[in-house]
Amino acid sequence: MSRLITEMLKEEMKKVLAVDFPGVVEEKEISIESTRDRNHGDFATNLAFILSRKVKKSPRELATKLQASLAQNLGNFARVEVAGGGFVNFFLQDEVLLSFISEVVEEGEDFGAVDLGKGKKTQVEFVSVNPTGPLHVGHGKCAAFGDSLSRILKKAGFQVEKEYYVNDAGRQIDLLGASLEARFRQILGEKAEIPEDGYQGDYLISMAEKLLQEKGREILDLPPAERLKVFRTFAVQEILNDIRQDLDDFRVHFDVWFRESSLYQKGEVEEILSLLKERGYTYTKGSALWLRTTDWGDDKDRVLVRENGLPTYFASDIAYHWNKWKRGFQLVIDIWGADHHGYIPRMYAAMQALGLPQDFLEMFIVQFVTLLRGGQPERMSTRQGEFVPLRQLLDEVGADVARYYFLMRDPATHLEFDIEEAKKQSMDNPVYYVQYAHARVSSLFKEAEKRGFTPLSQIGAWSDFPSEEEREIVKKIAYFPETVKRSALLRQPYLICNYLQDLCGDFHSFYNLYRIIDENNPELTSFRLNLCRVVQIVLKNAFQLLGISAPDNM
RNA sequence: GCGCCCGUAGCUCAAUCGGAUAGAGCGACGGCCUCCGGAGCCGUAGGCUGGAGGUUCAAAUCCUCUCGGGCGCGCCA
């Protein structure tokens, strides 16, 4: 586990508070933040303002008192100052920051790991697209988000499983099977029509040809129920294979592919219906069965079993989540497309009806993607971006660029993705900016070796930094574990992207400002090579969290 | 009509979930390689944070209202 500077400061504050102001502030009220202005130190706390409200003294006076006690406790860790109307600022000692250099080298790929999750058994379910057609760009955004979030949660100490829910039951799948059958018959010269609301896509034609080759025309002789099942199963399997291939090329791999049909086969839908009835949250109206979701704030009650006797998707989804609970997950995260957001209240209500803990299920909505090309919408309407296949985007810009673009923003906001911009290899394209920093260090090491320097040599007896720029870089390095923690806590991968932009900005500036390899000054060279090495390790670890590659040359 | 998301530089977005002088990139303009990768760096210009109130030591951030945009509101999944 990596050290968290803010935690260390917080511990000291707790000690001081226990002595000077026992019982006045709660732990969650203690906040440490990094400062924007170097003159305000490296970190600051607003604790004096909080105290001021409680003990009715001036913030400035309280800050002074805190400063005195903290200065005693923190001695060789940080210098403590009072500033402004009552801020307490911390100036980290250089030795503390310097100690991070060897720490990062030592921890290597583990640097940045924190124990926020404490092994909590967690499931992230995402994409879960109906197996009725290929993945689109919008699904790609969900995939990137779910996958990266899973990686981040793992790094933060959660035990994570990634799951894809296959909706292979219900009307849409029946329609898919019937559509395939129509294509199958058309190939054989019959005048079959694709059902109304069926699937018109050409991909069913080639699929029908494949089916004909594999099973022959004899399947048409099967009894209707069996026949439809053959078409249905074949179509689902074929499409699922394509989806799996797309995800594979997008570097998204699932631990479990869970089939909706298994819930019916094992009677789990029936089971959940009796359970909800037993708990008294259902009623019958007409001949349909309803769940009283309005008890937990939904706009209206929802149907569980239709008048025709078939359970709704909602019913099987409740069974699915009950199944997750029975599998022992303590935290379940669902990631859905924006068109599902009206679904949240009823799902939340269902969890309540089952008596599950409030924090068991978290639902995230991923907003749409608008694809642009040179500033113009890719197709006629803004929504059209959704219907561009993910495959096409991958072919054009590659997995690294696509993933980074999807991840660099809060998924809850609309994303404008300009393909032309993404294809440029310049600062227009933030992926290259961060990967370039990594490649630069790699090539620097080659050069250094040529000249007889090895980056692994001792840091040397540095007790302070050769330059302010280097101090700033190490400070950012030391802040990486905090970034991981925060990113996991807020479920926001984009914070990692922001961090990378920031770190790489500092690194590129440093690189342009100073010469790193200097034959006349081997000691300084050694220090700087190690600094670069540490930057490279952190970049690589951060890239891993985003699922993008760490190129040695570009 | 109701609900959710979002309005920050010309454009795309940050701002460490209430902190100190609101920051980056792109675009515009001007500079930097005899030397470790110029896919880079440095500088200039650009803002009443959509608008109006309120809460407090402190508001882009929280509350109310309002204006503008997106998406939902099936016994589809």
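Just so we're on the same page: letters track the sequence lines, and every chain starts at 1.
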For this session: Check the distance between B:U21's P and A:His40's NE2 and give it to me in whole angstrom.
Result: 8 Å
Problem set entry | Donor on one side chain, acceptor on other, A:Tyr199 and A:Gln172, under 3.5 Å | yes
Problem set entry | Whole-angstrom distance between B:U55 and B:C71, as gauged at atom C1' | 32 Å
For this session: Using the C1' atoms only, state how far B:G74 lies from B:G27, rounded to an integer number of Å.
Result: 47 Å
Exercise. Side chain of A:Gln367, base of B:C5: donor and acceptor closer than 3.5 Å?
Worked result: no
For this session: Between A:Asp37 and A:Asn167, just flag the one whose closest nucleotide in RNA chain B comes earlier from the 5' side.
Result: A:Asp37
Problem set entry | Short side-chain donor-acceptor distance under 3.5 Å, A:Thr294 and A:Asp301 | yes
Exercise. Which value, in whole Å, describes the distance between the C1' atoms of nucleotides B:G43 and B:G25?
Worked result: 16 Å
For nucleotides 12-17 of chain B, tabulate all protein N/O to nucleotide N/O atom pairs closer than 3.5 Å, reporting atom names and distance.
unit_1, atom_1, unit_2, atom_2, d
B:C13, OP1, A:His414, O, 3.4
B:C13, O2', A:Arg409, NH1, 2.5
B:A15, OP1, A:Tyr494, OH, 3.2
B:A15, O2', A:Arg36, NH2, 2.8
B:U16, O3', A:Arg486, NH1, 3.3
B:U16, O2', A:Arg486, NE, 3.2
B:U16, O2', A:Arg486, NH1, 3.3
B:U16, O2, A:Ser34, OG, 3.0
B:U16, O2, A:Tyr479, OH, 3.1
B:U16, N3, A:Ser34, O, 3.3
B:U16, N3, A:Ser34, OG, 2.7
B:U16, O4, A:Ser34, O, 2.8

For this session: Name the orientation class of the two ring planes belonging to A:Tyr165 and A:Tyr313 (parallel below 30°, tilted from 30 to 60°, perpendicular beyond 60°).
Result: tilted
Problem set entry | Donor-acceptor contact present, side-chain A:Arg471 to main-chain A:Pro466, <3.5 Å | no
Exercise. Below 3.5 Å, does any donor atom in the side chain of A:His340 face an acceptor in the base of B:G72, or the other way round?
Worked result: no
Seminar exercise, completed: Between CD1 of A:Ile50 and C1' of B:G19 the distance, given in whole Å, is 10 Å
For this session: Answer yes or no on whether A:Arg3 is positioned over the face of A:Phe100, meaning its NZ or CZ is under 6.0 Å from the six-membered ring centre and within 45° of the axis.
Result: yes
For this session: State whether the distance check finds a donor on one side and an acceptor on the other, under 3.5 Å, for side chain A:Asn89 versus base B:A20.
Result: yes
For this session: Give the rounded distance in Å between these two atoms: CE of A:Met347 and P of B:A77.
Result: 14 Å
Exercise. Between A:His508 (NE2) and B:C41 (C1'), how many Å, whole number?
Worked result: 10 Å
Problem set entry | Rounded distance (Å) that lies between atom C1' of B:U55 and atom CZ of A:Arg53 | 12 Å
For this session: Tell whether A:Asp299 reaches the base of B:G3 with its side chain through a donor-acceptor pair below 3.5 angstrom.
Result: no
Exercise. So does A:Glu468 pair up with A:Arg38, basic N to acidic O under 4.0 Å?
Worked result: yes
Exercise. Ion pair present between A:Lys475 and A:Asp506, side-chain N to carboxylate O less than 4.0 angstrom?
Worked result: no
For this session: Would you please confirm or rule out a distance under 4.0 Å between OP1 or OP2 of B:C75 and any side-chain N or O of A:Arg171?
Result: no
Exercise. What interatomic distance, in whole Å, is found between C1' of B:C62 and the corresponding atom of B:U49?
Worked result: 16 Å
Exercise. Rounded to the Å, how far apart are A:Leu500 CG and B:A24 P?
Worked result: 18 Å
Seminar exercise, completed: Taking Watson-Crick and G-U wobble contacts under 3.5 angstrom, with | marking pairs to another strand and [ ] crossing pairs, the secondary structure of RNA chain B is written (((((((..((((.....[...)))).(((((.......))))).....(((((..]....))))))))))))....
For this session: Taking the six-membered ring for Trp and the full ring for Phe, Tyr or His, determine whether the centres of A:Phe126 and A:Phe145 are under 6.0 Å apart.
Result: no
Problem set entry | Set of side-chain contact (heavy atoms from CB on, under 4.5 Å) partners for A:Glu196, sequence neighbours left out | none
For this session: Please figure out whether A:Glu260 or A:Asn553 has its closest RNA chain B nucleotide nearer the 5' end.
Result: A:Asn553
Problem set entry | A:Cys532/A:Phe445 under side-chain contact (heavy atoms from CB on, under 4.5 Å): CA gap, chis, key distance, verdict | CA-CA 9 Å; A:Cys532 291; A:Phe445 285 168; 4.2 Å; yes
Exercise. B:G37, B:C73, B:G19: which one has an atom nearest the side-chain heavy atoms of A:Phe49?
Worked result: B:G19
For this session: Take the protein atom CD of A:Gln501 and the nucleotide atom P of B:C26, then report the distance between them rounded to whole Å.
Result: 11 Å
For this session: Just call it for A:Ala44: base, sugar-phosphate, or nothing, with non-hydrogen atoms closer than 4.0 Å on any strand.
Result: base
Exercise. Pick one for B:C33: is it syn, with its angle within 90° of 0, or anti?
Worked result: syn
Exercise. Mind checking the C1' distance from B:G53 to B:U12? Whole angstroms is fine.
Worked result: 32 Å
For this session: Check whether any side-chain N or O of A:Arg306 sits under 4.0 Å from OP1 or OP2 of B:C76, and answer yes or no.
Result: yes
Problem set entry | Pairwise C1' distance for B:G10 and B:G46, with rounding to whole Å | 9 Å
Exercise. Any sub-3.5 Å donor-acceptor pair from A:Gln367's side-chain atoms to A:Leu415's backbone N or O?
Worked result: no
For this session: Could you check which of B:G40, B:A77, B:A20 has an atom nearest any side-chain atom of A:Phe87?
Result: B:A20
Problem set entry | Whole-Å P distance, B:C5 and B:A14 | 16 Å
Exercise. Counting just side-chain N and O atoms, does A:Ser58 come under 4.0 Å of either OP1 or OP2 of B:C57?
Worked result: no
Exercise. Mind checking the C1' distance from B:G7 to B:U44? Whole angstroms is fine.
Worked result: 29 Å
Problem set entry | Whole angstrom value for the distance that separates P of B:G40 from CD of A:Glu469 | 20 Å
Exercise. To the side chain of A:Asn46, which of B:C4, B:G19, B:G40 is closest?
Worked result: B:G19
Exercise. Do we see a donor-acceptor contact under 3.5 Å between the side chains of A:His340 and A:Asp334?
Worked result: no
